[in-house]
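Read through the structure below, which is laid out as structure tokens, and then see the notes.
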Amino acid sequence: MSVPSPATPTAPSARRPIRPLPDELISQIAAGEVVERPASVVRELVDNALDAGARQITVRLVGGGVRLIAVEDDGCGIPRDELPVAVQRHATSKIRDLAELEAVQTMGFRGEALAAIASIAELALLSRPADDPAGHAWRLDARTGELQPAARPPGTTVEVRELFYATPARRKFLKSDATELAHCIEAVRRHALARPDVGFAIWHDGRLVQQWRACTDLDPTLAWQRRIADALDGDFVAAGIAVDASAGPLRVHGLVGRPDMARSRTDRQFAYVNGRYVRDKVVTHAVRSAYEDVLHGQRQPAYVLFLTIDPHAVDVNVHPTKIEVRFRDSGAVHQAVQRAVEAALAAPRSAAAGAAPLSATASGGLTTATTATAAAPEGHTATPSDPTRWDTTRYRGHASLPLSVREPTPWPRWAGWPEPPAALGRGEAAVYPVPQTGPHASPLTDPSAPPDGGASAPHAVTQPSTATAPGDGGPPTTDTVTPPGEASPDAWPLGRALAQLHGIYILAENAHGLVLVDMHAAHERIVYERLKAQFDRLGDGGAMPSQPLLIPATFAATPLEVATAERCGEALLRLGLEVAPLSPQTLAVRAVPVLLAHADAVALARSVLAELDQHGGTRVLERARNELLATMACHGAVRANRRLTLDEMNALLRQMEATERSDQCNHGRPTWRQLTLRELDALFLRGR
């Protein structure tokens, strides 16, 4: 059987002269970069409407946007003499010179959209300036250039009919009307999340399919939170965690979902840079890195994050659709986003279980546990029943990039919604000064006892004792030790232990109902966080212990790897890696971290060099270190089928309340679940 030879490109019969392309073909080529589908047109036209100061934007579609796209706004409008200029290539009011291009602060700026759309569709502009003394609008047909008077309130309407009629081959790649409509709705949703002060309405084939009303009567923060609830869902806001942190001129704020809200898809990931929706690899990687320790498997986190940065520090002119940006210092941005999200996720959700519900004030605002922190006397210990005594949020940031975490933003909540707690620093705990009772001593109840992994324990929390009187065959009697001035144990977020189920689960009672705890998973996280804290004490000036290799591991390196090794030699040494060039094309690994002595030295060095070059810091070594510590913590945690006393169970609950990320084990699985009294009543049909 003969094998066919590969096709050979046909050489042109004769050389063609170099000539400039026709203007129409140039516009159609530009349209191929800007317009992929109807949603691309919707995005560009909504950008222009927002730049015009619109407070209400209506999108009307027919046939999924293929037959008609009409975007109406109540913005400033376009004067009659500027309408013909608006459809010319590279005509815009957004920028005037290079200085403005390097500091773009508008949604649209290229000046190509209308001209590109007009080259592949029938486009008409209908506009009336708000200050037009003539009192009527003008309609421009982009193809003929004809201007006609028309009737319209102040603002602009852009009509796009028969998309891709001039390029029928492009039209064949479009999907069904329902699919194209879904993409258009998503394009408007992305704008709506960032602009709660603007109302949006989407009509399809004469029917209203989506609407988000402007939130103009609320505080801007509450308005934005209401818009998230409308555009996404109320559960995301109810269970989300507020992020608000600054690192120099960069501010990161928004809402991130709890780890157990993670999804299999990335359809709930929204990142904005100076109000512009972007898909940026630096931001995506930073957020994923922050969730790395708490997500199970390949689940994807949900978040809505806004980055506010100096316009000169970000280049938005790197992609025709303006969906991608380039940061001048991507490493600093990555570090700031990662640490801001990590700080928000660090606080255990259990700490909020006993918080007082929000109450509306006379001014229409919200009173929260965090807003009253200033009223707490100095040195007062936090208790869940006293909202004025929670510690404020604090986070130990890296010395080279100071990160200040703001007071958590009050989230709008309905009755019964708990307030997100203040985050506790690693190795720090809210201390309940209850004297130790009971004869049993273990790492769970003895504050001075280190875990089996060898790390010294943070301030452990002792518990009230529940014991059976000697010789008494009846049920246990509860001897609750409540320190003067402190809350009742019933107010503790995870409550008091009642029993152990099959040597695996702890059953506890709190103010809301029944708490079920996976004791091994919970203790595994506690030990793991202690081990990480021990390594964090090395500080910036310290270095991880390294082990010299008897025979250096050499490998052929790219010029970029050699340059990174020379430039980041000091950083590599702090990570316990010694990588030195042997020649312009060869690197030698002379030492590796002790914890990773058995790892592939070449693969480790290459991964670390790649991360150092891309992000200005490394996650590879930390990831490998954390995997090893997680294994150590797993072996050091209490095992299934080990019988615990009530003292030990209560001590574990208190340590969970004071340990970062204690809601998930080291593998991202939940460590506890709450069954409320209402859910228990429903199981037994009480009240029916």
Spatial distance of atom CD (Glu324) from atom NZ (Lys281) [nearest 0.5 Å]: 7.0 Å

Here's a test for you: under side-chain contact (heavy atoms from CB on, under 4.5 Å), which of Val158, Leu83, Thr157, Leu140 qualifies with Ser127? Leu83

His253: which residues meet the ring pair (Phe, Tyr, Trp, His ring centres under 6.0 Å) condition with it, sequence neighbours left out? Phe306

What is the minimum heavy-atom distance between Leu50 and His191, and which atoms define it? CD1-CD2, 3.5 Å

Considering only NZ, NE, NH1 and NH2 on the basic side and carboxylate oxygens on the acidic side, decide whether Arg189 and Glu186 come within less than 4.0 Å. yes

Distance check, rounded to the nearest 0.5 Å: Ile78 atom CD1 versus Asn48 atom CG? 8.0 Å

Kindly indicate whether the side chain of Ile185, heavy atoms from C-beta on, has any atom under 4.5 Å from the side chain of Phe200. no

Mind checking what makes salt bridge (Lys or Arg N to Asp or Glu O under 4.0 Å) contact with Arg55, not counting sequence neighbours? Asp197

Is Phe164 close to Val35 at the side-chain level, that is, under 4.5 Å between some pair of heavy atoms? yes

Do you know the tightest heavy-atom contact between Gly257 and Tyr291? O-OH, 2.5 Å

Side-chain donor-acceptor pairs under 3.5 Å in residues 60-73, sequence neighbours left out?
residue: Arg60; atom: NE; partner: Glu72; partner atom: OE2; Å: 3.0
residue: Asp73; atom: OD1; partner: Gly75; partner atom: N; Å: 2.8
residue: Asp73; atom: OD1; partner: Thr156; partner atom: N; Å: 3.4

Search all heavy atoms of Leu345 against all heavy atoms of Ala290 and return the closest pair with its distance. CD1-O, 3.8 Å

Atom pair CG/CZ of Leu307 and Phe327 - distance to nearest 0.5 Å: 5.5 Å

Determine whether Pro153 and Asp74 make a side-chain contact, defined as any pair of heavy atoms from C-beta on separated by less than 4.5 Å. no

Donor-acceptor pairs under 3.5 angstrom involving side-chain atoms of residues 206-215: please list them, not counting sequence neighbours.
none

Compare every heavy atom of Leu305 with every heavy atom of Leu255, then report the nearest pair and how far apart it is. N-CD2, 4.4 Å

Less than 4.5 Å apart, side chain to side chain, heavy atoms only: is that true for Arg288 and Gln300? yes

If a pair satisfies salt bridge (charged side-chain N to carboxylate O under 4.0 Å, His left out) and one of its residues is in residues 297-319, list it, with sequence neighbours excluded. Asp315-Arg326

Within-4.5 Å side-chain heavy-atom neighbours: Leu174 and Arg37: yes

Taking the side chain as every heavy atom from C-beta outward, state whether Val278 and Val283 have any atom pair closer than 4.5 Å. no

Is there side-chain contact between Val273 and Asp280, with at least one heavy-atom pair below 4.5 Å? no

Decide yes or no for Arg43 and Glu36: does some side-chain heavy atom of the first lie under 4.5 Å from some side-chain heavy atom of the second? no

Value rounded to 0.5 Å, distance of CD in Glu122 from OG1 in Thr144: 10.5 Å

Least distance between heavy atoms, Pro348 atom then Asp663 atom: C-OD2, 3.4 Å

Residues pairing under salt bridge (charged side-chain N to carboxylate O under 4.0 Å, His left out) where one sits in residues 260-275, two or more places apart or in two chains, turn out to be Arg258-Asp260, Asp260-Arg349, Asp260-Arg673, Arg263-Asp267, Arg265-Asp267

Within this structure, what is the CG-CG distance for the pair Asp205 and Leu181, rounded to the nearest 0.5 Å? 8.5 Å

Which pair of heavy atoms, one from Ala302 and one from Phe236, lies closest together, and at what distance? CB-CE1, 3.7 Å

